[in-house]
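Just below is one structure, and these are the notes that go with it.
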Amino acid sequence: MKTALITGITGQDGSYLAELLLEQGYKVYGLKRRTATPNLENIKSLINEIDFISGDLRDITSLTEAVQLAKPDEIYNLAAQSFVGDSWRQPIYTGEVTGLGVTNMLEAIRQAKPDARFYQASSSEMFGKVLETPQKETTPFYPRSPYGVAKVYGHWITVNYRESYDMYACSGILFNHESPRRGIDFVTRKVTDAVAKIKLGIQDKLHLGNIDSKRDWGFAGDYVKAMWLMLQQDEPDDYVIATGETHTVKEFVEIAFEHVGLNWQEHVVQDPQFMRPAEVDILLGDPSKAKQKLKWEPQINFEQLVKMMVDQDLENYH
Ligand code: NAP
Ligand code: G4F
């Protein structure tokens with residue numbers, strides 16, 4: 001039986017990855033921050049199957065203890081301050097968790113279990129003001145937010161530990177991926193939650209920022225499979241994970257409202273408070289390397305994803 005340690009177990013990806021690994025017979029440890037009130041909604045059906053370890057990416061003592069306790073074969077570092085918008089409001093905190101937190105995790109592994117295989121949750125936000133389209137593994141980075149800058153640090157420190165200490169460390173450069181478990185701050189879930197409430201008469205208006213930006217959106221359930229595949233190869237490497245399609249926020253909004261028979265233009269209000277100091281206008285990934293080497297393919301397309309999220313949010317309010 002293999003053992004895995006997942007940081008960020010309570011988040012969207014942590015929950016899908018835990019499900020996948022448990023299905024495959026892994027023993028799963030989850031690193032979880034202590035909170036005044038538990039935040040276990042995403043993993044409520046798995047609580048009895050996961051061994052939780054209390055810890056924080058900013059506290060290397062807790063990480064070293066977690067690695068010593070779990071003795072994992074594989075470590076998936078999914079924890080982060082992951083909301084781009086807040087990274088301008090909390091730039092130092094974001095740097096500490098999303099950037100330096102990766103070094104804390106790598107050091108804990110180097111000291112406590114250097115043969116463990118390591119996955120770092122890197123991001124297409126690193127491409128930012130894109131220097132090439134579509135973006136692939138060799139595209140230079142140009143981050144546009146404190147979050148993106150922190151992720152570039154996390155990416156390169158992962159590559160550096162691989163090259164310096166011969167560790168099996170991979171960086172997955174994942175493009176936006178969503179699901180009914182997506183946090184409510186992110187635009188997709190904000191839209192689908194609002195569509196459900198508007199349909200049911202609980203809300204009338206939806207305030208959004210820039211609806212012209214474009215993202216390569218996939219389904220989180222598909223993307224966690226790619227994380228796992230990266231750690232099953234003969235050699236560690238870095239991979240872009242994306243659908244190869246890009247859509248505007250406006251298209252997402254149109255499909256979501258149309259799905260419940262509403263006209264989005266009657267409900268959406270453009271609100272400057274949701275505009276960003278620097279925007280990433282377009283992201284479009286080239287997943288050829290992952291398709292060829294990992295044999296990975298996304299299963300859920302854009303329209304199916306939007307409808308799945310709206311349907312689940314409607315169900316949540318019924
Ligand atoms: P998410 O839902 O925001 O989950 C983030 C997780 O990190 C939560 O479990 C959170 O715990 C935990 N966390 C935050 N700060 C922590 C700290 N200081 N110490 C320990 N744990 C901490 O994010 P996600 O969408 O699942 O994304 C997973 C990872 O992939 C993140 O690193 C994200 O930056 C990256 N990523 C995401 C996407 C995407 O489109 N989803 C794309 C590329 C990369 P609490 O529940 O306690 O807050
Ligand atoms: O949903 P978002 O907040 O996601 P963003 O900034 O692309 O970041 C997500 O994907 C990254 C991968 O590229 C991850 F690394 C990161 O952790 C996160 O998961 O915003 C998407 C787009 C942006 O252009 C934003 O300006 O939607 C635009 N937008 C327009 N109105 C809005 C809103 N975004 C949010 N969150 N809220 C709005 O009201």
Side-chain angles (χ1 to χ4, degrees), residues 6-17 30-35 37-43 53-59 62-63 66 76-87 93-94 96-98 100-102 104-105 119-128 135 143-145 147-148 150-151 154-155 171-179 181-191 194 206-220 223-224 227 241-242 248-250 252-253 268-283 285:
I6 303 174
T7 74
I9 189 92
T10 55
Q12 171 187 258
D13 292 5
S15 67
Y16 283 104
L17 181 64
L31 187 90
K32 189 172 80 54
R33 299 193 278 185
R34 197 206 76 83
T35 47
T37 356
N39 168 26
L40 300 171
E41 182 60 25
N42 283 337
I43 44 168
I53 304 177
S54 183
D56 192 296
L57 274 203
R58 289 168 299 170
D59 185 327
S62 67
L63 303 181
Y76 296 86
N77 185 36
L78 310 186
Q81 191 302 90
S82 74
F83 184 42
V84 173
D86 262 9
S87 75
Y93 173 76
T94 302
E96 283 175 0
V97 178
T98 306
L100 215 49
V102 186
N104 285 337
M105 197 66 241
Y119 172 85
Q120 166 57 17
S122 289
S123 165
S124 52
E125 266 289 307
M126 302 190 300
F127 297 122
Q135 296 85 51
R144 290 275 276 175
S145 61
Y147 168 85
K151 282 287 182 190
H155 170 82
S171 171
I173 307 174
L174 271 54
F175 282 63
N176 299 53
H177 46 279
E178 318 293 314
S179 74
R181 299 181 202 163
R182 186 57 143 152
I184 201 82
D185 284 328
F186 301 94
V187 76
T188 54
R189 184 76 198 291
K190 180 173 169 180
V191 169
L206 166 60
H207 289 245
L208 291 177
N210 176 17
I211 59 171
D212 296 321
S213 59
K214 293 176 132 183
R215 291 291 181 273
D216 180 330
W217 276 297
F219 171 53
Y223 283 40
V224 298
M227 297 176 188
I241 302 299
T248 57
V249 172
K250 196 194 291 175
F252 190 104
V253 167
V268 171
V269 178
Q270 283 235 282
D271 187 335
Q273 72 165 300
F274 297 110
M275 302 296 241
R276 293 175 176 178
E279 180 60 280
V280 171
D281 295 322
I282 174 166
L283 290 174

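All ligand and atom numbering here is 1-based and tracks the order in the structure.
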Closest approach of any protein heavy atom to [atom], naming residue and atom:
atom: atom 47 (O) of ligand 1; value: Arg33 NE, 3.1 Å
atom: atom 23 (C) of ligand 2; value: Arg215 NH2, 3.4 Å
atom: atom 11 (O) of ligand 1; value: Thr10 OG1, 3.3 Å
atom: atom 1 (P) of ligand 1; value: Ser82 OG, 3.7 Å
atom: atom 42 (C) of ligand 1; value: His177 CE1, 3.3 Å
atom: atom 44 (C) of ligand 1; value: Ser122 O, 3.3 Å
atom: atom 22 (C) of ligand 2; value: Ser213 OG, 3.8 Å
atom: atom 43 (C) of ligand 1; value: Leu174 O, 3.1 Å
atom: atom 3 (O) of ligand 2; value: Arg276 NH2, 2.8 Å
atom: atom 4 (O) of ligand 2; value: Asn176 ND2, 3.7 Å
atom: atom 14 (C) of ligand 1; value: Ala80 O, 3.2 Å
atom: atom 6 (C) of ligand 1; value: Gly8 CA, 3.6 Å

Could you check whether [Y] and [X], counting side-chain N and O atoms only, form a donor-acceptor pair closer than 3.5 Å?
X: Ser62; Y: Asp56; value: no
X: Gln81; Y: Thr94; value: yes
X: Arg34; Y: Ser54; value: no

Can you find an N/O atom of [X] closer than 3.5 Å to an N/O atom of ligand 1?
X: Gly55; value: no
X: Lys151; value: yes
X: Ser124; value: no
X: Phe186; value: no
X: Asp56; value: yes
X: Asn77; value: no

Quick one: pull up [atom1] in [X] and [atom2] in [Y] and give me the separation to the nearest 0.5 Å.
X: Thr10; Y: Asn39; atom1: OG1; atom2: CG; value: 5.0 Å
X: Ser171; Y: Lys151; atom1: OG; atom2: NZ; value: 9.0 Å
X: Leu57; Y: Asn77; atom1: CG; atom2: CG; value: 5.0 Å
X: Thr7; Y: Arg33; atom1: OG1; atom2: CZ; value: 11.0 Å
X: Ile43; Y: Tyr16; atom1: CD1; atom2: OH; value: 13.5 Å
X: His207; Y: Asp271; atom1: NE2; atom2: CG; value: 6.0 Å

Heavy-atom distances under 4.0 Å decide this one: backbone, side chain, both or neither, for [X] against ligand 1?
X: Gln12; value: both
X: Arg182; value: side chain
X: Tyr147; value: side chain
X: Asn39; value: side chain
X: Asp13; value: both

Ala121 heavy atoms within 4.0 Å reach ligand 1 at atoms 29 (C), 30 (O), 32 (O), 35 (C)

Contact atoms of ligand 2, heavy-atom distance to [X] under 4.0 Å:
X: Phe274; value: 39 (O)
X: Phe83; value: 3 (O), 36 (N)
X: Val84; value: 6 (O), 8 (O)
X: Leu283; value: 13 (O)
X: Ser124; value: 12 (C), 13 (O)
X: Lys190; value: 38 (C), 39 (O)

Less than 4.0 Å is my threshold; does some heavy atom of Ile211 fall inside it relative to ligand 2? no

Would you say Arg182 contacts ligand 2, with heavy atoms under 4.0 Å as the rule? yes

Contact check: Glu279 vs ligand 2, nitrogen or oxygen atoms, below 3.5 angstrom
yes

Mind checking whether Trp217 has an N or O less than 3.5 Å away from an N or O of ligand 2?
no

Query - 4.5 Å side-chain heavy-atom contact, Phe252 and Val187 - result: no

| query | Do Tyr119 and Leu78 come close enough that some side-chain heavy atom pair is under 4.5 Å? | reply | yes

Hey, looking at [atom], which of [options] has the closest heavy atom?
atom: atom 31 (N) of ligand 2; options: Gly209, Gly128, Ser122, Gly11; result: Gly209
atom: atom 17 (O) of ligand 2; options: Ser123, Ala220, Ser82; result: Ser82
atom: atom 31 (C) of ligand 1; options: Asn176, Ile173, Leu78; result: Leu78
atom: atom 28 (C) of ligand 2; options: Ile184, Asp13, Asn210; result: Asn210
atom: atom 36 (N) of ligand 2; options: Leu206, Asp281, Asp185; result: Asp185

task = Could you walk me through whether Asp212 and Thr248 pass side chain to side chain donor-acceptor pair (under 3.5 Å), step by step?
result = CA-CA 6 Å; Asp212 296 321; Thr248 57; over 6 Å; no

Report task. Find out whether the Lys NZ or Arg CZ of Arg215 is both under 6.0 angstrom from the six-membered ring centre of Phe175 and within 45° of the ring's axis. Result -> no

Under the 6.0 Å and 45° cation-pi test, does Arg189 pair with Phe186?
-> no

Closest heavy-atom pair, Asn42 versus Gln12, reported as atoms and distance to 0.1 Å, is ND2-N, 3.7 Å

| said: With a cutoff of 4.0 Å, is Val97 in contact with ligand 1, counting heavy atoms of the residue only? | reply: yes

Salt-bridge contact Arg276-Glu125 (side-chain N to carboxylate O under 4.0 Å): no

Under 4.0 Å between heavy atoms, the region of Val187 that gets near ligand 2 turns out to be both

* Asked: Are Phe83 and Tyr147 close enough that their ring centres sit under 6.0 Å apart?
  -> no

